[in-house]
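One structure is given here, and the rest of the page talks about it.
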Amino acid sequence: MLEKNYNPKDFEEKIYASWEQNGDFKPDMDKNKEAFAVVIPPPNVTGVLHMGHALDDTLQDILIRYNRMLGKNVLWQPGMDHAGIATQMVVERNLAKDGITRHDLGREKFIETVWKWKEQSGGTICRQLRRLGASCDWSRERFTMDEGLSRAVRKIFVNLYKDGLIYKAKKLVNWDSKFMTAVSDLEVVQKETVGKMYYYKYPIEGSEGEFIHIATTRPETMFGDTAVAVSKENEKLKHLIGKKAVLPIVNRSIPIIGDEHADPEKGTGAVKITPAHDFNDFEVGKRHNLPLINILNPDTTLNENTPFPGLDTQTARRKTIEKLEELGLMEKIEDHPMVIPYGERSDVVIEPLMTDQWFVDAPKLAKEAVRVVEEGKTEFVPKTYEKTYFEWMRNIQPWCISRQLWWGHQMPIWYGPDGEIFCEENEEEAQAVADKHYGRHVALTRETDVLDTWFSSGLWAFSTLGWPDKTEYLKTFYPTSVLVTGFDIIFFWVARMMMMSMYMMKEVPFRKIYMHGLVRDEQGRKMSKSKGNTIDPMETIEKYGADALRFFMAAMETQGRDINVSEARIAGYRNFATKLWNAARFGEMNEVSLPADFDVSRVKDTVNKWIVAKAEQATKEVTDNLNAFRFSDAANAVYQFVWGTFCDWYIEMIKPVLYGADEEVKTETRAVFAWVLKRILIILHPFMPFITTELWNNLVGPETKLIKAPWPQAENFDAAVVKEVDWAIDLITAIRSLRSEMNLPASTRLTVYLKDANGESAAALRQFNRIICSLARLEKLECFAPSAEISKDMVQSVFKEAVILLPLKGVVDFAAEKERLNKELASLNKNLEGYARKLGNASFVERAPAAVVEEEKRRQAEALENKAKIEEALARIAGF
RNA sequence: GGGUGUGUAGCUCAGUGGUAUGAGCACUACGUUGACAUCGUAGGGGUCGCUGGUUCGAUCCCAGCCACACCCACCA
């Protein structure tokens, strides 16, 4: 027996545990079945579930469950990312509580500590994903740092290196002074601030009191200046090209060069060139063969190439200005709005710094990754994201993959005594190759840098399936079917997976990429801890159940749009679950059950036929929409069917049958009710797996598993039957509306006549008489005899071709009634004007499709008829 | 500076070249009708951002404009 109240906490976790214990999430590896695979975007090992995951993983679970029910061989591959910087940060923070730094421990000990932390505190999110109902095959859970995946990383690294696609270079990179590591362009966020623009001047060498005027936001970098540039087109300044300027304070002479980088419109028109500390200047320096002077230490304090070694940039900036002022070279300081780069994780200012780093030749790898999308081998849904993808891929820069961190994949690079590089999958091989190279045994030192986290997640689509081994899983599930992820990691992750997969597998990682938007707060603001507007999905689940949250995500997911979390709406979907729960209870109370030999095509009763047809219709809608990744349409189709059709109409319509004496119809109705409910549980299951399973176990029994129930093929249905019952529904609605307008309490049983009903309507009226009377709360419903006289006491309302007559002895308020009819008349007249205008337009009649013109004529005729009826009714009560 | 997206009911959003049967929430009135008040019934509420164009017809297609959001680039 079902509990009186829907209480998801009673069963959600229990049901999940039973699925997992029974191995229901595992693929059956049946070779005859089509394979369907999804790899989860690996959450950070440090992560906890947020609304973005709730959306992402709900959508994946819907696809997974749907395809599992379609009878495919389904794998949802779970796992986690080691999240280099994020994890190192968490562990370092923990150590700091005991006053320990990672350097106190040393590299090896520190890494050990991280692993220990991972075992104990990592992976909260996987437990939370279970609570959400994610049907991942947890027995295959992978971690980007585990043995297999590490092997994949080393192998692909060596391949790329030997193909010349990974190389070491001294380049200007984004330097994070907090973690003292290089970071990629993507890990830098630009923040708007109001800074200062400093104007000062450099004396021209060999001149008397001639200066070149400079504007900069970073005066302390002047010690790294190796030129001043002006545009050759700059009429005012071009005469200085070829002369030399003297760098004040350090009195170093630097050339004044002509370069188009100097925009005459900006600043003073002359730009100081600091090739070692500015990306643009670096390019200028390359063009003019300028020397590079590095002025920063790894912690971004100034070094011995400056007068202020050891000072941080801010202090050095102050000192520099003081000095310039002393020398009388400072001119002015202005407020200046600008964007300053910050480390995504560290939140410190990123300084461009010259360092030795490792790069992946992304421009080369991007070519294939672009081609396969152009050719449609991988499709983005929605398609507009392809443009973003192409745009970025076609302008991609070399990818800096080395990080001066400890937590991560240490690069498989060894250096010989003279710095010779040996890149092999392990130390033994490197040693062997090196020994052969030198003709003697040599000592090797390993590169200490680790790889960017996204390097290993870039392999996720195949490394998790067992590559480099030729596993059964790799053969079966690669390329995977669809990747579901947010557009915010399209460059970080999707692009890299495309590149890495094309390089190594020569085959796309996924056939489709479904990109969803961001989850925002109720007002549409981005959720962030600092704003304090985050909503914890676990709390939401606690309050409303996982099913409600899941359904919310599905119902709100329309392609290409962000989702604003609305608690009221989540509560609404909890109510939806309650509604279904109570419908099931209604069934239980009325002893519905599905006989083994039940054949839905043999159903006789019209209302039963109707609900079967509606169920087929809903099934088709859900199926079509899921196939097209139209999650909200799919969810709304079930919602509408369950609440608006099954509960609002079918249950109400069968009550007279179930409480009546016709055993034959009653038996059939009980079976059909069970059949429809079962159908609902099936098509709702991908969205709301918990309540559907709970109800299924109650209705059908746990022996047959809903999670693997075959997805129904929507059957054709009898359109005529649908029309008949829909007619009855319209009539009921019209009568209810009329009685509400007349202020007739629900308790008064009325008599209603239908005048001028045609043959079909008269038949339907007879057939559904009991139902209509029951739902519209009538005493009697009959066709009005054509010969009979319409009494003055009868309220009239046009219904399709007929007129509803509602006798109200002595209680009709004629004034109000006239007003009501006149209002109707006015609206009809307005419509008639429109029809007349259109049909009077020769070019409309001539050029619009015949069907449209016909429809317009039909509407006009109908409106004219209705008008006549209302005028008739008005005439009848004219004297009152 | 380059790009993308969005402006539809009070709110959050669906949707569509042919009267907006729009949805949920909110609102109003009525309701203890033998599943459900986490409910039912009925109802009010929109010149579909602005201006042009294409079309017999535009909220929908095209162009321009305005507003908002996001992405990329940019420390002179």
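Within every chain, numbering begins at 1; the chains are lettered A, B, ... in the order of the sequence lines, protein sequences first and strands thereafter.
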Table please: side-chain donor-acceptor pairs of residues 330-338 of chain A below 3.5 Å, with sequence neighbours left out.
residue	atom	partner	partner atom	Å
Glu331(A)	OE1	His213(A)	ND1	2.7
Glu331(A)	OE2	His213(A)	ND1	3.1
Lys332(A)	NZ	Glu334(A)	OE2	3.4
Glu334(A)	OE1	Tyr199(A)	OH	3.4
Asp335(A)	OD1	Lys196(A)	NZ	2.7

Next on the checklist: For a quick check of understanding: with a heavy-atom distance under 4.0 Å over all strands, which category does Ser566(A) fall into, base, sugar-phosphate or nothing?
Outcome noted: nothing
Checklist entry - How would nucleotides 68-76 of chain B be written as a contact map, 5' to 3', with B for base contact, S for sugar-phosphate-only contact and - for no contact, using protein heavy atoms under 4.0 Å? => result -SSS--BBB
Next on the checklist: Which residues pass the ring-ring contact (aromatic ring centres under 6.0 Å, His included) test with Tyr198(A), not counting sequence neighbours?
Outcome noted: none
Checklist outcome for this item: Dot-bracket assigned to RNA chain B with the 3.5 Å Watson-Crick/G-U criterion, [ ] for crossing and | for other-strand pairs, is (((((((..((((....[...)))).(((((.......))))).....(((((..]....))))))))))))....
Checklist entry - For the pair made of CG in Leu518(A) and P in U6(B), what is the distance, rounded to whole Å? => result 16 Å
Checklist entry - OP1 or OP2 of G57(B) sitting under 4.0 Å from any side-chain N/O of Ser843(A)? => result no
Checklist entry - Do Glu652(A) and Lys655(A) meet the salt-bridge criterion of a basic N to acidic O distance under 4.0 Å? => result yes
Next on the checklist: For a quick test of reading the model: is some side-chain N or O of Arg561(A) closer than 4.0 Å to OP1 or OP2 of G7(B)?
Outcome noted: yes
Item to check | Pairwise C1' distance, G17(B) and C60(B) [rounded to whole Å] | outcome: 7 Å
Checklist entry - How many Å lie between CD on Glu522(A) and P on U12(B), as a whole number? => result 9 Å
Checklist entry - How many Å lie between OH on Tyr650(A) and P on C36(B), as a whole number? => result 19 Å
Item to check | Residues which pass ring-ring contact (aromatic ring centres under 6.0 Å, His included) with Trp392(A), listed by chain and number, not counting sequence neighbours | outcome: Phe491(A)
Checklist entry - Rounded to the nearest Å, what distance is computed from the CD atom of residue Glu862(A) to the C1' atom of nucleotide U21(B)? => result 14 Å
Next on the checklist: If I take atom CD1 in residue Ile651(A) and atom P in nucleotide U41(B), what distance separates them, rounded to the nearest angstrom?
Outcome noted: 12 Å
Checklist entry - Which is true for Arg574(A) with a 4.0 Å heavy-atom rule: it touches a base, it touches only sugar-phosphate, or it touches nothing? => result base
Checklist entry - Sequence neighbours excluded, which residues qualify as ring-ring contact (aromatic ring centres under 6.0 Å, His included) partners of Phe380(A)? => result Tyr389(A)
Item to check | side-chain contact (heavy atoms from CB on, under 4.5 Å) partners for Asp281(A), two or more places apart | outcome: His261(A), Ile273(A), Thr274(A), Asp278(A)
Next on the checklist: Just so I know, are the side chains of Leu580(A) and Tyr6(A) near enough to count as touching, which here means a heavy-atom distance under 4.5 Å?
Outcome noted: no
Checklist entry - To the nearest Å, how far apart are Met553(A) CE and U12(B) P? => result 18 Å
Next on the checklist: Classify Thr193(A) by what it touches in the nucleic acid, base, sugar-phosphate, or nothing, heavy-atom distance under 4.0 Å.
Outcome noted: nothing
Next on the checklist: Tell me the interatomic distance from Tyr389(A), atom OH, to U4(B), atom C1', rounded to whole angstroms.
Outcome noted: 18 Å
Checklist entry - Any donor and acceptor pair, going by atom type alone, linking the side chain of Arg218(A) with main-chain N or O of His277(A) inside 3.5 Å? => result yes
Next on the checklist: Can you tell me which nucleotide in C56(B), G18(B), C36(B) comes closest to the side chain of Asn582(A)?
Outcome noted: C36(B)
Next on the checklist: Between Lys191(A) and Asp347(A), does any side-chain N to carboxylate O distance fall below 4.0 Å?
Outcome noted: yes
Item to check | With Gln314(A) via side-chain contact (heavy atoms from CB on, under 4.5 Å) - residues at least two apart | outcome: Asp312(A), Arg317(A)
For residues 543-559 of chain A, please give each side-chain donor-acceptor pair under 3.5 Å, one per line with the distance, not counting sequence neighbours.
residue	atom	partner	partner atom	Å
Lys543(A)	NZ	Glu567(A)	OE2	2.6
Tyr544(A)	OH	Glu567(A)	OE2	2.6
Asp547(A)	OD1	Phe690(A)	N	3.2
Asp547(A)	OD2	Phe690(A)	N	3.4
Asp547(A)	OD2	Ile691(A)	N	2.6
Arg550(A)	NE	Phe687(A)	O	3.0
Arg550(A)	NH1	Asp61(A)	OD2	2.7
Arg550(A)	NH1	Leu132(A)	O	3.1
Arg550(A)	NH2	Asp61(A)	OD2	2.8
Arg550(A)	NH2	Pro686(A)	O	2.8
Glu557(A)	OE2	Tyr514(A)	OH	2.6
Gln559(A)	NE2	Ala628(A)	O	3.3
Gln559(A)	NE2	Phe629(A)	O	3.1

Next on the checklist: Quick check: on RNA chain B, is the nucleotide nearest Met556(A) upstream (toward 5') of the one nearest Asn831(A), or the reverse? Name the residue that is more 5'.
Outcome noted: Met556(A)
Item to check | With sequence neighbours excluded, residues passing ring-ring contact (aromatic ring centres under 6.0 Å, His included) with Tyr342(A) | outcome: none
Checklist entry - What interatomic distance, in whole Å, is found between C1' of A67(B) and the corresponding atom of C36(B)? => result 45 Å
Checklist entry - Considering only the C1' atoms, how many Å lie between A76(B) and A69(B), rounded to the nearest integer? => result 30 Å
Next on the checklist: When the P atoms of A26(B) and C39(B) are compared, how many Å lie between them, rounded to an integer?
Outcome noted: 9 Å
Item to check | Contact letters for nucleotides 22-34 of chain B, in which S counts primed atoms plus P, OP1 and OP2 and B counts the base, heavy atoms under 4.0 Å | outcome: --BS-------BB
Item to check | Ile490(A) CD1 to G5(B) C1', straight-line distance once rounded to whole Å | outcome: 14 Å
Next on the checklist: When the C1' atoms of A9(B) and G15(B) are compared, how many Å lie between them, rounded to an integer?
Outcome noted: 14 Å
Checklist entry - Base, sugar-phosphate, or nothing for Arg630(A), non-hydrogen atoms under 4.0 angstrom? => result sugar-phosphate
Next on the checklist: Classify Phe576(A) by what it touches in the nucleic acid, base, sugar-phosphate, or nothing, heavy-atom distance under 4.0 Å.
Outcome noted: nothing
Next on the checklist: Quick test of your reading: applying side-chain hydrogen bond (donor to acceptor under 3.5 Å, both in side chains), list the pairs with at least one residue in residues 572-582 of chain A, sequence neighbours left out, ordered by first then second residue.
Outcome noted: Asn582(A)-Arg585(A)
Item to check | Separation of the P atoms in C72(B) and C11(B), to the nearest angstrom | outcome: 31 Å
Checklist entry - Using the P atom in both, what is the distance from U28(B) to G10(B), to the nearest Å? => result 16 Å
Checklist entry - How would you label the contact of Arg859(A) with the nucleic acid (heavy atoms, under 4.0 Å): base, sugar-phosphate, or nothing? => result base
Item to check | Side-chain (Arg859(A)) to main-chain (Tyr835(A)) donor-acceptor, under 3.5 angstrom | outcome: no
Item to check | Distance, P atom - from A29(B) to G44(B), rounded to whole angstrom | outcome: 15 Å
Checklist entry - Does Arg585(A) make a side-chain N or O approach to OP1 or OP2 of A35(B) shorter than 4.0 Å? => result no
